[in-house]
Amino acid sequence: MEAAVGAGSNNGAGTSVSTDLPAARLIARLAPGEPEFESRMRESLARAEKWLQATAQEALDPRVAALIGHLADAGGKRLRPLLVLLGAEFGDPWADGVTQAATIAELVHIASLYHDDVMDGAATRHGVPSVHARFGERAAVLGGDLLLARAAQLAADLGPAAVHLNARTAGRLVAGQLRELAGPGPDEDPVTHYFHVAAGKTAALLAMSLGIGAVQAGAPAPAAAALTEYGEQLGIAFQIADDLLDLKSPAGVTGKERGKDLLAGVASLPVLLARESTDPDDAELCALLAAGPVPPAALPRALELFERSAALAEAEAVMQRRLERARTALGALPALPARRALLALCDYVALRTS
Ligand code: FPP
Ligand code: MG
């Protein structure tokens, strides 16, 4: 039976807001030696965090506030607000609406996680029980809807450009997830299908984050377009990096068990490439993956075969090409600390997998 919405206490509204968010620590690593830039980013991230806590839970029954504050309180990297703020650096970073734009990006992200965890039956997220584990599935779905509604409300306050970006992105997220659910069509190449899913599920929101930040800050249109393209490419690379981490990361680095995707039969890019591989060295791996989820007893062998497979190397090469496209998109932007940070973010994504 589902737990009642009122099972928890209000753990969100009114709590103090940390200025040492993971995104703030990341920015110091991405653009070292830029104290003014770093302190502006820290301050803006903290403001966005306050908005996140307040907007999500404003004027709600404390039990519902606890429901929709659950994941925001649990943590998260705040990568999307960071991208909004980096996009805003190419205009006036203090312009009205930049903080709200950062809040919108995180609200949409969190809303999608509420729904995703229900769909995946995930027990935990960010090291705490998933929303549905604590509040029940029906409440989790409605909590996600409410967060999405709050994002739409904030976008309406910002004007038609933000409304459009927010609506289009939410649509791309849902369409990407539906496409993943449906699997490749009868005549569709599974790798092409993979890229469509990754573009919707992952890249769309990263692209929107950079774009909405630039637009709210009044950056020139070509800069906003370049930043959006950067986000699209970074997003695909990010998804592939995630796929690679499942196969490569020592236990504990990602907080997820190594090979979890293989056991669950997830059609990650390395898996799809291994299935298609004609390299004789990949033959045993190909046979292991052909039947769908890898049986637990075969996991150590599958991971061992992956380590030296052409498929893994090819997936890494695809990720590197996407990162190169992301870097190229930044080519014409002014040499601001934010551009340096975005370039370094590409290296950071690649480094996570090496
Ligand atoms: C995580 O994927 C999920 C996403 C990045 C997006 C999921 C999108 C939806 C559920 C559509 C609904 C969207 C909105 C805006 C309400 P994953 O399961 O591969 O990764 P994980 O390991 O982090 O769970
Ligand atoms: Mg999931």
Side-chain angles (χ1 to χ4, degrees), residues 56 67-68 70-72 74-80 83 103-133 137-155 163 165-183 193-209 212 231-232 234-247 249 253-272 352:
L67 166 73
I68 68 169
H70 180 72
L71 275 194
K77 292 186 287 294
R78 304 295 191 251
L79 175 63
R80 289 145 193 90
L83 293 177
T103 310
I104 291 170
E106 192 64 11
L107 285 170
V108 173
H109 173 56
I110 298 176
S112 78
L113 296 181
Y114 274 44
H115 290 184
D116 181 67
D117 284 344
V118 170
M119 291 182 71
D120 290 351
T124 59
R125 168 76 67 182
H126 301 326
V128 299
S130 58
V131 180
H132 66 269
E137 283 193 0
R138 290 179 294 181
V141 170
L142 291 172
D145 291 344
L146 190 46
L147 287 164
L148 207 53
R150 293 280 152 123
Q153 198 179 323
L154 264 186
V163 169
L165 276 169
N166 181 53
R168 180 164 182 273
T169 305
R172 286 187 68 194
L173 270 160
V174 177
Q177 187 80 352
L178 278 170
R179 206 156 178 168
E180 182 171 53
L181 191 63
H193 172 262
Y194 171 91
F195 285 115
H196 281 305
V197 170
K201 257 179 63 172
T202 311
L205 189 50
L206 300 195
M208 183 200 88
S209 300
I212 200 171
E232 288 283 347
L234 184 82
I236 304 280
F238 206 75
Q239 183 59 56
I240 302 172
D242 234 46
D243 294 354
L244 292 169
L245 279 169
D246 184 63
L247 301 173
S249 71
V253 168
T254 58
K256 296 177 189 172
E257 292 291 308
R258 189 171 170 225
K260 193 169 156 269
D261 288 353
L262 286 184
L263 294 172
V266 172
S268 68
L269 186 63
V271 166
L272 294 174
R352 277 174 79 219

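All of these numbers come straight from a predicted model, not from anything done at the bench. Atoms within each ligand, like the ligands themselves, are counted from 1 in listed order. One-based numbering along the sequence shown.
- For the side-chain contact (heavy atoms from CB on, under 4.5 Å) criterion with L147, the lone passing option out of L113, L71, L107, L67 is L107.
- Under the 3.5 Å distance criterion, the side-chain polar atoms of H132 are matched with a main-chain donor or acceptor of A122.
- Of the heavy atoms in T202, none comes closer than 4.0 Å to ligand 1.
- Between the Mg ion (ligand 2) and D117 there is no N/O/S contact shorter than 2.8 Å.
- Under the 3.5 Å distance criterion, the side-chain polar atoms of R258 are left unmatched by any main-chain donor or acceptor of D246.
- Contacts with ligand 1 closer than 4.0 Å are made by side-chain heavy atoms of L148 only, the backbone lying farther away.
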Which side-chain N or O atoms in residues 198-209 pair as donor and acceptor under 3.5 Å with protein atoms at least two apart or in another chain?
| unit_1 | atom_1 | unit_2 | atom_2 | d |
| --- | --- | --- | --- | --- |
| K201 | NZ | E180 | OE1 | 3.2 |
| K201 | NZ | E180 | OE2 | 3.4 |
| T202 | OG1 | Q239 | OE1 | 2.7 |
| S209 | OG | L205 | O | 2.6 |

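- A donor-acceptor distance shorter than 3.5 angstrom exists from the side chain of D243 to the backbone of L269, with no hydrogens or angles considered.
- The closest donor-acceptor contact from the side chain of H115 to the backbone of V141 lies under 3.5 Å.
- When you scan the N, O or S atoms of D116 for the one nearest the Mg ion (ligand 2), you land on OD2.
- On a distance-only criterion, D116 and ligand 1 share at least one N/O pair closer than 3.5 Å.
- Numbered from 1 in the order shown, with element, the atoms of ligand 1 that lie under 4.0 Å from a heavy atom of D120 read 18 (O), 24 (O).
- With H70 contributing its side chain and Y114 its backbone, the two residues share no donor-acceptor pair below 3.5 Å.
- Compare K260, Q177, H126, R172 by their heavy atoms: the one nearest to atom 9 (C) of ligand 1 is in Q177.
- The atom of D120 that is an N, O or S and sits closest to the Mg ion (ligand 2) is OD2.
- Atom 2 (O) of ligand 1 has its nearest heavy-atom neighbour, among K201, H115, R125, in K201.
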